[in-house]
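Written out below as structure tokens is the structure these notes cover.
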Amino acid sequence: MGFDTNINEISKKQFDILEREKERLCEFCEKEGVLFLYGAGVIGERILSLLTDLKFDVSGFIVTNPPLKKYYHNLPVYSLNEFRDKVKGKNIKVILAFENASIDKFRKTLPSQKYNLYKIPENVLDLMLFESGCNNLVSIIKKDNYSFSINNIIEREKQKIENVLIVRLDALGDLVCSTALIREVRFNCPHANIVMVTNNKNINLLKNCPYIDDLIGYESQTDGDLYSAFGKIKRIEERVREFIELKKIHETEFDFVFLPRALLTGASACIDEVLLAASCKHKECITHIIDLDTHGIEKMAYVLLSNIFSRVVFQTEKKHETEYQLEMLEKSGFIVQERKNELWLSELDRFEAMKLLSKSIPNYNSIDKMIAIGVVGSMQAQNWDVKNFRKLIKMINEHSDKYIFLILGGDDAKDAAHYISEGIENCINFAGKTNLSQVVSLINCCMMYIGVDTGLSHVADALEKKRITLFRFPNDKEGKTSFWVKRWGTQSLNSVNIHPSLNLEGCYMDCQKKYPHCINQILPEAVYEQFIMIENK
């Protein structure tokens, strides 16, 4: 298919930059001498992967201080002092592999010895890694043992749509944001057999969905970030191959395959999704890319995926995650009749929720006003301090004694939930005591959700509950990273998104810490103020 002219021109510039930088890198690596990387962290790992793809051998890693481990990726790791002694009299080449690397600063640490030094610009390194990983992905897809086709968009009113596949493998909240797409696909393909492949952990969310004929669980695994996953692509290919053969997905020819997730710009499971789609016999595969203006990677992804799949929608406006997916449908010729997400509860689910509440709350009455509290996200930086939650609940209790608080979450929320609920009679701790269906049913019994930006927040939104959601990232970076409030905030009325005004020192674009950090700028008093505003609306 043809490319958008402007995107193609911009991508060509990126490819030109890449080619020039790769030439410089290859010229450096081809010089006489032994090659080392200074830095045995994430950047060192990424450069090693790139050099391996380019067929250059690395002899080891250098670190400033004595290393905790003597080997990294099966290569020796030397402290700076060990390295000086080991390479005396040898011709040495060093590529700097750490953040804010400076060749001049490095030379000052070794004034008595001269080395050939090289630094790959960090934004270009991302492009190099992305291109290398994508090229490996494309080469796998184009092997004979994968069946895929590139067709022009078929006029849908002239064809009988018999089989449709939808693939979304990531987190709970992301899947909730795709429920509108699932419904609209059914609206456009009323007689088709619709197959949905989703993460095993989230399969109960869709068990009552009336729009899906065949629901299949996939064992999604953590392969690190996207660049790390590119280095494990053969293992991912084997995992996908085993799955499609076990589930016999390759035996069906699909008229359409939909990939609702914005591909090759996020977490690693998107590689599984691309390979799953490519492995199917299909007439059309439809996906999309969201332009985040990060070094042109999204534009490169657009060009690469457009060479594989029949329709890749390139989106540039800043909007809600659900809207991106519905826009993908509309730009592919489908009709969208409704834009809200939805969830589906059975009578058994509702009964189970009533039973849990009756067992946990003395004299429980179905008209009691309950507030769902979501305390733990998938990353520590998402979590609000438990002392803040406890203070907020006490403030609401001082305002009114008519509420019951349900602390919700999985096993990872147990400690936080215990601390928050201890000694507060109207605070019921369900963390680690419920399955996904029960949690959804409990939220459905509540009038409001208060908590961090996690899957439960999106569940509350789809159930049209009032919602106060606390985000770790500030709003001043709107649209510049994959995280921003407008994209992951509420669709419902009478809901509020609260976020820090700015990043704290050491964080840029998004909170970079592995512990609660930027989010704790949000004070309980500010959340309480918002609670009062939407309480009786």
Side-chain angles (χ1 to χ4, degrees), residues 168 171-187 202 204-212 260 319-327 336-354 356-357 366-375 377 396 402-409 430 434 436-471 485-498 527 530-537:
R168 180 136 204 178
L172 172 63
D174 304 83
L175 179 59
V176 173
C177 290
S178 291
T179 56
L181 175 134
I182 296 169
R183 180 192 60 240
E184 298 308 307
V185 169
R186 169 56 73 194
F187 172 75
N202 300 328
N204 279 342
L205 190 79
L206 301 177
K207 67 179 183 179
N208 299 314
C209 177
Y211 312 120
I212 297 170
K319 55 184 62 179
H320 194 275
E321 173 69 5
T322 298
E323 283 298 315
Y324 281 125
Q325 298 170 50
L326 297 179
E327 182 182 77
V336 172
Q337 58 168 352
E338 189 179 347
R339 313 194 82 84
K340 293 289 295 180
N341 289 306
E342 61 177 282
L343 292 175
W344 312 274
L345 297 171
S346 68
E347 288 304 314
L348 179 60
D349 291 334
R350 297 175 194 274
F351 174 76
E352 286 292 325
M354 293 298 107
L356 282 168
L357 291 169
S366 61
I367 63 171
D368 286 338
K369 290 193 173 182
M370 291 181 291
I371 298 175
I373 305 291
V375 296
I396 295 174
K402 64 184 178 182
Y403 295 109
I404 296 171
F405 300 91
L406 309 184
I407 314 297
L408 304 176
F430 283 110
T434 53
L436 181 56
S437 297
Q438 291 169 331
V439 169
V440 173
S441 300
L442 287 172
I443 293 175
N444 190 55
C445 295
C446 295
M447 58 160 285
M448 184 185 297
Y449 169 92
I450 302 176
V452 299
D453 172 35
T454 185
L456 301 185
S457 175
H458 293 286
V459 167
D461 195 31
L463 293 171
E464 298 189 305
K465 303 297 176 180
K466 297 175 184 178
R467 192 177 81 148
I468 300 176
T469 306
L470 313 180
F471 292 87
V485 175
K486 185 174 181 179
R487 181 178 180 187
W488 298 109
T490 182
Q491 283 189 305
S492 302
L493 299 174
N494 301 324
S495 294
V496 177
N497 303 312
I498 305 179
V527 181
Q530 295 298 329
F531 168 80
I532 294 299
M533 288 179 61
I534 68 172
E535 177 186 20
N536 295 313
K537 284 187 178 180

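Atom set for the values below is all heavy atoms of this structure, side chains included, hydrogens, waters and symmetry mates excluded.
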#### Entry: Shortest non-hydrogen contact between Pro260 and Leu181, atoms and distance
CG-CD2, 3.8 Å

### Summary
Interatomic distance, OH@Tyr211 vs CD@Glu184, rounded to 0.5 Å, equals 8.0 Å

### Message
Counting C-beta onward and ignoring hydrogens, is there a side-chain heavy-atom pair between Asp174 and Cys177 closer than 4.5 Å?
### Response
no

### Message
Among residues at least two apart in sequence or on other chains, which ones pass ring-ring contact (aromatic ring centres under 6.0 Å, His included) with Phe471?
### Response
Phe473

### Rounded distance (nearest 0.5 Å) linking atom CG of Asn208 with atom CG of Leu343
10.0 Å

### Under 3.5 Å donor-acceptor, Arg186 side chain and Pro210 backbone
no

### Min side-chain heavy-atom separation Met354-Cys445 under 4.5 Å
yes

### Message
To the nearest 0.5 Å, what is the distance between CG on Leu456 and CD1 on Ile373?
### Response
11.0 Å

### Query
Mind checking whether Arg168 and Leu206 have side chains closer than 4.5 Å, heavy atoms only?
no

### Message
As a quick check of understanding, evaluate side-chain hydrogen bond (donor to acceptor under 3.5 Å, both in side chains) for Asp453 and Thr469, giving each step before the final call.
### Response
CA-CA 6 Å; Asp453 172 35; Thr469 306; over 6 Å; no

#### Entry: Reported CE-to-CG distance for the pair Met370 and Leu357, which is rounded to 0.5 angstrom
4.5 Å

## Note on the structure
Separation between CD1 (Ile371) and CD1 (Ile407), nearest 0.5 Å, reads 10.0 Å

### Message
To check you understand the geometry: which heavy-atom pair defines the closest contact between Arg339 and Val336, and what is its length?
### Response
NH1-CG1, 3.6 Å

### Task
For Tyr403, enumerate each residue passing the ring-ring contact (aromatic ring centres under 6.0 Å, His included) test, keeping only those at least two apart in sequence or located in another chain.
Phe531

### Met447, CE: over 12 other non-hydrogen atoms inside 6.0 angstrom
yes

#### Entry: Residues that Arg350 engages under side-chain contact (heavy atoms from CB on, under 4.5 Å), provided they are two or more places apart
Leu345, Glu347, Asn444

### Query
What residues, two or more places apart in sequence or in another chain, satisfy side-chain contact (heavy atoms from CB on, under 4.5 Å) together with Ser495?
Arg467, Thr490, Ser492

### Task
May I have the step-by-step check of side chain to side chain contact (heavy atoms under 4.5 Å, CB included) for Val440 and Asp349, ending in yes or no?
CA-CA 9 Å; Val440 173; Asp349 291 334; over 6 Å; no

### Task
Could you check if a side-chain atom of Glu327 sits within less than 4.5 angstrom of a side-chain atom of Lys319, using non-hydrogen atoms only?
yes

### Query
Are any of the side-chain heavy atoms of Tyr449 and Leu406 separated by less than 4.5 Å?
no

### Task
Could you walk me through whether Val527 and Gln530 pass side chain to side chain contact (heavy atoms under 4.5 Å, CB included), step by step?
CA-CA 5 Å; Val527 181; Gln530 295 298 329; 5.7 Å; no

### Message
Are the side chains of Met533 and Val496 in contact, using a 4.5 Å heavy-atom criterion?
### Response
no

### Query
Between Glu535 and Met448, what is the shortest heavy-atom contact and its length?
CA-CE, 4.3 Å

### salt bridge (charged side-chain N to carboxylate O under 4.0 Å, His left out) contacts touching residues 457-466 (sequence neighbours left out)
none

### Considering all heavy atoms, the nearest Ser178-Asn341 contact
N-OD1, 4.1 Å

### Message
Just verifying a value: how many Å separate Ile443 CD1 and Gln438 CD, rounded to the nearest 0.5 Å?
### Response
12.5 Å

#### Entry: Step-by-step side chain to side chain contact (heavy atoms under 4.5 Å, CB included) determination, Ile450 to Phe405
CA-CA 10 Å; Ile450 302 176; Phe405 300 91; 5.6 Å; no

### Message
In the structure I gave you, are the side-chain heavy atoms of Thr434 and Leu442 within less than 4.5 Å of one another anywhere?
### Response
yes

### side chain to side chain donor-acceptor pair (under 3.5 Å) partners of Lys369, counting only residues at least two apart
none

### Task
Decide yes or no for Ser437 and Lys207: does some side-chain heavy atom of the first lie under 4.5 Å from some side-chain heavy atom of the second?
yes

